[in-house]
Amino acid sequence: MENNFIRLENVTKIYQVGETQVGALRNITYSLREGSFLAVMGPSGSGKSTLMNIIGCLDRPTSGNYFFEGEELSSLDKNKLARIRNKNIGFVFQNFNLLPRTTALENTELPLLYSNVSGKQRAQIALQALSSVGLEGREHHRTNQLSGGEMQRVAIARALVNSPSLLLADEPTGNLDTKTGAEIIEIFRKLNEEKKITMIIVTHDAGISRHAQQRLYLRDGEIIKEEKGRS
């Protein structure tokens, strides 16, 4: 496996808020192997979400370099970043971000609408993804008929349909009870171990972070500590 599936070199992100410059990330240098499971920890305002947005090609650093699968992305335009994002990266969010009044299957198919995939093939891929997260038999239930845990499973299935090499999850258990959150993390762990998908989870929950192989702690936009190994 490549040492530098993800590589950040002196990445800094500054936001302009009125007349004030806010440093969200400061000279972050970090590398991650393909197939890793990383938890990013830190208090609110530490830079966790900004880091995830840069890694996920949703934003670009103010300065520094970001390499993904060997390609330097910092200077790419929005269209090129969007193509990389859609092809290689899956996203899971705290609030699920599902379309209301649509079925689990329709939500899961959504990313494939932007690909050259037939309707029949879209359904087959989506059904397989839903089955992989334990939702076989729930495909035609609408979002208002699903529990919070089931909605997050749909969100994970949706993130999987383009066969991403990287899955990013921002507080994926934040709106779930402890038992359901543990079930969701177990899905991530299996995807990492069985499908070798590189996993990065942003979380405040130390209990959740213990399932990761590596933990990265941020404060005030800087890395303050790194831990390796599940505890």
Side-chain angles (χ1 to χ4, degrees), residues 1-17 21-38 40 47-99 107-119 121-122 125-126 129 155-172 188 191-192 195-202 216 218 221 223:
M1 288 190 295
E2 287 295 323
N3 261 323
N4 297 322
F5 175 75
I6 286 171
R7 190 164 91 248
L8 303 156
E9 294 179 350
N10 299 313
V11 166
T12 293
K13 182 64 181 181
I14 298 172
Y15 293 106
Q16 190 76 33
V17 182
Q21 287 190 335
V22 178
L25 294 176
R26 308 173 191 216
N27 294 315
I28 297 288
T29 294
Y30 188 72
S31 295
L32 191 68
R33 285 178 179 271
E34 186 176 7
S36 297
F37 189 156
L38 173 70
V40 180
K48 303 187 303 297
S49 293
T50 301
L51 180 63
M52 192 181 87
N53 287 343
I54 289 173
I55 291 174
C57 299
L58 293 167
D59 203 354
R60 285 176 289 191
T62 305
S63 63
N65 300 102
Y66 169 42
F67 296 84
F68 177 66
E69 296 188 319
E71 184 178 1
E72 210 288 316
L73 306 185
S74 307
S75 59
L76 296 186
D77 63 32
K78 288 183 179 180
N79 290 334
K80 289 180 180 177
L81 286 177
R83 282 197 291 272
I84 291 170
R85 187 169 64 240
N86 294 338
K87 181 182 177 184
N88 299 297
I89 304 173
F91 296 88
V92 179
F93 298 99
Q94 178 175 346
N95 295 322
F96 319 134
N97 289 2
L98 301 182
L99 293 175
N107 270 284
T108 305
E109 286 181 330
L110 191 60
L112 297 171
L113 295 175
Y114 306 103
S115 306
N116 188 24
V117 179
S118 69
Q121 192 176 1
R122 280 200 308 269
I125 294 170
I156 295 168
R158 181 183 60 192
L160 293 174
V161 291
N162 279 330
S163 300
S165 55
L166 172 65
L167 193 63
L168 297 174
D170 193 356
E171 299 286 359
F188 286 133
L191 290 170
N192 173 249
K195 295 184 179 291
K196 308 304 180 186
I197 299 173
T198 304
M199 199 81 56
I200 300 178
I201 293 182
V202 170
L216 195 68
L218 300 184
I223 296 172

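None of these values were measured; they are calculated from a predicted model.
- The two atoms that bring Ser74 and Glu72 nearest to each other are OG-OE2, 2.6 Å, heavy atoms only.
- Classified by interplanar angle (parallel below 30°, tilted 30° to 60°, perpendicular above 60°), the ring pair Tyr66/Phe68 is tilted.
- Between Leu38 and Tyr30, some side-chain heavy-atom pair lies under the 4.5 Å cut-off.
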Test side-chain contact (heavy atoms from CB on, under 4.5 Å) on Leu191 and Met199; report intermediate values, then the result.
CA-CA 9 Å; Leu191 290 170; Met199 199 81 56; 3.9 Å; yes

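- Pairs passing the salt bridge (Lys or Arg N to Asp or Glu O under 4.0 Å) check and including a residue from residues 77-92, sequence neighbours excluded, do not occur.
- The main-chain N or O of Ser31 is never found under 3.5 Å from a side-chain atom of Asn4 such that the two would form a donor-acceptor pair.
- Contact annotation: the side chain of Arg60 approaches that of Leu81 to within less than 4.5 Å [non-hydrogen atoms, C-beta and beyond].
- Here the options are Lys195, Glu34, Glu69, the test is side chain to side chain donor-acceptor pair (under 3.5 Å), and the partner is Ser165; only Glu69 passes.
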Given side-chain contact (heavy atoms from CB on, under 4.5 Å), test Ile54 with Lys13 step by step and report yes or no.
CA-CA 9 Å; Ile54 289 173; Lys13 182 64 181 181; 4.2 Å; yes

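- Here the closest heavy-atom approach between residue Leu76 and residue Glu71 is recorded as CD1-OE2, 3.9 Å.
- Here Leu160 contributes atom CG and Leu167 contributes atom CG; the two are 6.0 Å apart, rounded to the nearest 0.5 Å.
- Side chain of Thr62 to main chain of Ile14: a donor-acceptor pair is present (N/O by atom type, distance under 3.5 Å, no hydrogens or angles).
- Side-chain atoms of Ile201 and Phe37, non-hydrogen and from C-beta on, do get closer than 4.5 Å to each other.
- A 4.5 Å side-chain heavy-atom check between Ile6 and Ile200 finds at least one atom pair inside the cut-off.
- Closest approach of Gln16 to Gln21, counting heavy atoms only: OE1-CG, 3.1 Å.
- Distance check, rounded to the nearest 0.5 Å: CD1 of Ile55 to CG of Leu8 gives 5.0 Å.
- Ser36 and Leu32 make their closest contact through CB-CD1, 3.6 Å (heavy atoms, listed as atom of the first residue, atom of the second, distance).
- Here the options are Asn97, Leu112, Val92, the test is side chain to side chain contact (heavy atoms under 4.5 Å, CB included), and the partner is Arg158; only Asn97 passes.
- In plain terms, the two heavy atoms of Phe91 and Gly56 that are nearest each other are CZ-O, 3.2 Å.
- Considering CZ of Phe93 and CG of Leu98, their distance stands at 11.5 Å, rounded to 0.5 Å.
- One finds the OG1 atom of Thr198 at 10.0 Å from the CG atom of Leu168 (value rounded to the nearest 0.5 Å).
- Interatomic distance, Ile156 CD1 to Thr108 OG1, rounded to the nearest 0.5 Å: 11.0 Å.
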Give the C-alpha distance, both sets of side-chain angles, the deciding distance and a yes or no for side-chain contact (heavy atoms from CB on, under 4.5 Å) between Leu113 and Arg122.
CA-CA 8 Å; Leu113 295 175; Arg122 280 200 308 269; 3.4 Å; yes

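- Between Phe67 and Phe5, the ring centre distance reaches or exceeds 6.0 Å.
- No donor-acceptor distance shorter than 3.5 angstrom exists from the side chain of Asn10 to the backbone of Asn27, with no hydrogens or angles considered.
- No donor-acceptor pair closer than 3.5 Å links the side chain of Asn162 to the backbone N or O of Asn88.
- Once rounded to the nearest 0.5 Å, the distance linking CD1 of Ile84 with CG of Leu73 reads 4.5 Å.
- The two residues Asn192 and Gly35 come nearest to each other via the heavy atoms ND2-O, 3.0 Å.
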Please lay out, stage by stage, how Leu166 and Ile197 fare under the test side-chain contact (heavy atoms from CB on, under 4.5 Å).
CA-CA 6 Å; Leu166 172 65; Ile197 299 173; 5.9 Å; no

